[in-house]
Q: 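Dropping a structure here in structure tokens format, bear with me for questions.
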Number of protein chains: 2
Amino acid sequence: MTITIKDIANAAKVSTATVSRVLNGAGGYNEETKKKILQIAEELGYRRNEMARSLVKKSSNLIGIIMPSVSTIFYADIVNGIEKVAQKQGFSVILSHAGVKGNRLIHCLKMLEERKVDGLVIVSIPLMEDQIQAIESLSIPYVLLSTDTPNKQIPLIKVDDYEAAYAATKYLINHGHRKIGLAGVDYSDRVAGTPRIEGYKKALKDHGLSFSANDIKAGDYSFTAGKEALYAFRTEKSGITAVFCVSDEVALGIISAAYELGIKIPEDLSVIGYDNTRVAEMAVPPLTAIEQPFRLMGEKGCFKIIEAIQQKAAVKTEMLPFNIVERASVKHWKH
Amino acid sequence: MTITIKDIANAAKVSTATVSRVLNGAGGYNEETKKKILQIAEELGYRRNEMARSLVKKSSNLIGIIMPSVSTIFYADIVNGIEKVAQKQGFSVILSHAGVKGNRLIHCLKMLEERKVDGLVIVSIPLMEDQIQAIESLSIPYVLLSTDTPNKQIPLIKVDDYEAAYAATKYLINHGHRKIGLAGVDYSDRVAGTPRIEGYKKALKDHGLSFSANDIKAGDYSFTAGKEALYAFRTEKSGITAVFCVSDEVALGIISAAYELGIKIPEDLSVIGYDNTRVAEMAVPPLTAIEQPFRLMGEKGCFKIIEAIQQKAAVKTEMLPFNIVERASVKHWKH
DNA sequence: CTGAAAGCGCTTACAG
DNA sequence: CTGAAAGCGCTTACAG
């Protein structure tokens with residue numbers, strides 16, 4: 001038998017309106033009745049029904065997350081960040097997985113619309129115009145995290161991949177490297193693919209180094225892609241002395257293959273990773289890597305959404321700073 | 001302007017009751033009206049309000065997850081598994097983090113009760129009797145994943161830590177090791193601590209090997225704990241030839257420290273990990289480890305909860321099988 | 001300061 | 001096969 005404000009009203013011999021008022025601290029009742037009602041609520045173990053409340057208030061205090069179904073470690077940090085600030089602000093989070101490439105996005109959207117979420121955060125799914133339309137049609141605040149879209153009006157929070165790739169490459173150049181590879185990148189990925197390639201190329205160019213297409217090894221950001229990349233570099237005798245890896249996992253793959261091939265890191269080959277996930281410090285040698293602030297990304301995203309909900313304002317795009325965490329996988333190259 | 005069944009009813013010149021019936025496929029209406037209503041709903045872009053529906057049906061099709069606030073990688077797999085089957089069964093998932101040691105559990109519980117979740121899955125938080133009482137008081141199906149409680153009536157799904165530790169230790173013994181360490185374990189952790197210690201001891205004993213308290217290095221399952229453990233073994237000249245690590249991260253810590261100390265793995269020291277997370281295959285050398293089926297755990301947990309909700313039956317405890325994934329960190333010891 | 005009443009968007013006996 | 005009506009558990013003008 002679940003107990004409602006009606007039960008409290010009966011016990012306190014007041015109307016449900018009054019009960020509602022004191023339970024919500026709406027003001028406009030004397031201390032006596034307040035005390036009585038609060039005490040009875042306590043005694044009866046009353047718990048409010050958020051569904052009923054949301055129904056009349058037309059606001060659910062729910063924020064929806066849509067993310068890919070892959071268990072890459074950094075999603076955990078993003079989600080942690082989101083839920084943490086949601087909780088602090090009195091919101092709850094409803095989570096949905098949109099398949100590996102986000103192909104179930106529309107399905108998730110429908111569910112979240114039916115659940116009447118007040119806001120939406122979409123993690124790491126590259127969006128096309130028709131999907132943007134579907135999202136817009138909900139008419140609620142939303143933000144993209146760690147991804148983007150060709151439509152430049154859309155609010156997003158991420159690190160500038162071009163800049164970060166530029167910085168990583170420059171870091172290697174500053175360490176004396178003149179022949180630098182790029183490993184694990186997906187050419188068709190316009191969010192984490194092409195911008196990083198461009199940043200890499202630009203850094204090379206700005207420092208008077210020539211670029212060779214052979215120095216880029218494509219892949220899917222995975223450990224295996226990293227291993228394959230090094231084997232490829234090896235058989236081609238490419239002569240690279242350093243490699244910019246498009247993820248930490250790719251970097252670990254390079255390190256693993258290097259071990260198999262008897263290539264010493266960083267003595268024979270320097271490696272820089274991307275993301276700075278937990279595996280970076282666990283590598284042997286510990287991995288120098290571009291750090292992305294995933295947790296912060298989640299926190300900011302959620303914070304902005306809640307702000308937008310409460311102020312009925314639009315969310316604004318924000319580029320987050322990255323950072324180079326220096327460990328031991330890059331060495332100064334001596335000519 | 002959000003559109004409701006009333007709008008559809010008006011447009012179709014029928015009652016909301018009829019609209020509701022066809023939208024729910026309840027039967028008892030002719031094809032004509034059905035077609036008309038469905039078409040109008042489509043045209044108007046109708047989307048049902050789950051809050052209103054839940055309110056009258058007294059069932060939300062919502063399942064709540066409570067988990068610790070730490071971003072250990074395997075939580076992602078568990079949550080993935082849960083949400084996947086929830087989605088398939090028409091349920092949605094609301095996620096809450098209960099702090100590092102689950103100290104905000106009661107807070108989460110209250111929120112989930114207000115949200116009227118139909119079922120509850122609690123991940124990796126060791127529960128005491130008073131917390132169990134709080135959970136029981138919701139009177140909804142629940143299950144614990146990858147954790148347990150002193151109260152043996154409580155439904156849970158996990159791997160048998162004692163058995164797994166026994167198997168890991170035995171595996172090392174079968175590979176010729178006679179002096180085996182245990183690293184990274186928390187003595188005060190009755191779920192992943194003491195049972196693994198006991199399993200380890202028992203395996204030693206069953207194979208006629210003596211046990212020395214010095215061969216156990218306490219820790220918090222972390223990478224750092226692993227490093228410290230190996231340094232301790234080293235300075236004590238303990239003479240171990242293999243070490244059973246209480247997590248993959250501890251194992252990586254051992255490997256990392258070994259590298260610093262010039263100890264070769266597996267030539268000088270064999271290492272076995274626990275969990276078989278993604279880092280296991282990325283280690284150099286690739287890590288042999290006890291595998292826990294995290295994703296399966298999430299799937300089974302969610303499935304059982306939904307079953308319990310629908311059949312109003314209690315969830316039954318299930319122990320999941322573990323597995324030893326052999327890679328290259330353990331070698332046959334020659335005397 | 002307090003209550004009666006309407007309403008949020010649905011579902012479901014009960015009649016016909 | 002279909003509709004009128006009540007009700008799920010709340011909140012909130014509107015009166016007094």
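So that the names make sense, note that chain A is the first sequence line, chain B the second, and so on, each numbered from 1. Keep in mind that the numbers below use all heavy atoms, side chains included, and drop hydrogens, waters and symmetry copies.
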Q: Within the side chain of B:D118, is there an N or O that forms a donor-acceptor pair under 3.5 Å with the backbone of B:S60?
A: yes
Q: Rounding to a whole Å, what distance do you find between A:I3:CD1 and D:dC8:P?
A: 14 Å
Q: Are A:E318 and A:K316 close enough for a salt bridge, meaning some N to O gap below 4.0 Å?
A: no
Q: Would you say the side-chain atoms of B:S69 pair up with the backbone N or O of B:G99, donor to acceptor, closer than 3.5 Å?
A: yes
Q: Answer yes or no: does a side-chain N or O of B:K116 lie under 4.0 Å from OP1 or OP2 of D:dC8?
A: no
Q: If you only use heavy atoms from C-beta on, which nucleotide in C:dG3, C:dC10, D:dG3 is closest to the side chain of B:R21?
A: D:dG3
Q: Which listed nucleotide (C:dC10, D:dT11, D:dG9) is nearest to the side chain of A:N24?
A: D:dT11
Q: Using a cut-off of less than 4.0 Å, is there contact between a side-chain N or O of B:K6 and OP1 or OP2 of C:dC8?
A: no
Q: To the nearest Å, how far apart are A:K34 NZ and C:dT2 C1'?
A: 17 Å
Q: Using purine N1 to pyrimidine N3 plus N6-O4 or O6-N4 for Watson-Crick, or N1-O2 and O6-N3 for G-U wobble, both under 3.5 Å, which nucleotide pairs with D:dT2?
A: C:dA15
Q: With sequence neighbours left out, what residues match A:Q39 under side chain to side chain contact (heavy atoms under 4.5 Å, CB included)?
A: A:E43
Q: Under 4.0 Å from OP1 or OP2 of C:dC8: is there any side-chain N or O of B:N49 that close?
A: no
Q: Quick check for you: among D:dC1, C:dT2, D:dT11, whose closest atom lies nearest to any side-chain atom of A:S20?
A: D:dT11
Q: Mapping A:Y29 and A:T16 to their closest nucleotides on DNA chain C, which lands nearer the 5' end?
A: A:Y29
Q: Under 4.0 Å: is that the gap between some side-chain N or O of B:K13 and OP1 or OP2 of D:dT2?
A: no
Q: Counting only side-chain heavy atoms from C-beta out, which of D:dC8, C:dT12, D:dT11 sits nearest to B:K58?
A: D:dC8
Q: Go through D:dC8, C:dG7, C:dG3 for me and flag the one nearest to the A:A17 side chain.
A: C:dG3
Q: For D:dG9 and A:T4 - does any side-chain N or O of the residue sit under 4.0 Å from the phosphate oxygens OP1/OP2?
A: no
Q: So, OP1 or OP2 of D:dT2: does either fall under 4.0 Å of a side-chain N or O from B:T33?
A: yes
Q: Among D:dT2, C:dT11, D:dC10, which nucleotide sits nearest the side chain of B:I5?
A: C:dT11
Q: Just how far, in rounded Å, is C1' of C:dC1 from CG of A:N30?
A: 7 Å
Q: Could you state the CZ-C1' distance from A:R53 to C:dG9, rounded to the nearest angstrom?
A: 18 Å
Q: Are any of B:T18's side-chain N or O atoms less than 4.0 Å away from OP1 or OP2 of D:dG3?
A: yes
Q: What I want to find out is whether B:R295 reaches B:E299 closely enough, with some N-O distance under 4.0 Å, to be called a salt bridge.
A: yes
Q: When the distance from CG of A:L55 to P of C:dA6 is rounded to whole Å, what number comes out?
A: 18 Å
Q: Donor-acceptor pair under 3.5 Å: do we get one between A:R47's side chain and the base of D:dG9?
A: no
Q: If I take atom CZ in residue B:R115 and atom P in nucleotide D:dG9, what distance separates them, rounded to the nearest angstrom?
A: 18 Å
Q: Return the 5'-most residue of the pair A:Y46, B:S15 with respect to DNA chain D, ranking by each residue's nearest nucleotide.
A: B:S15
Q: How many Å lie between CG on B:L23 and P on D:dT2, as a whole number?
A: 15 Å
Q: Shortest non-hydrogen contact from A:S96 to B:E83?
A: CA-OE2, 3.4 Å
Q: Measure from CE on A:M51 to C1' on D:dT11 and round the result to the nearest Å.
A: 17 Å
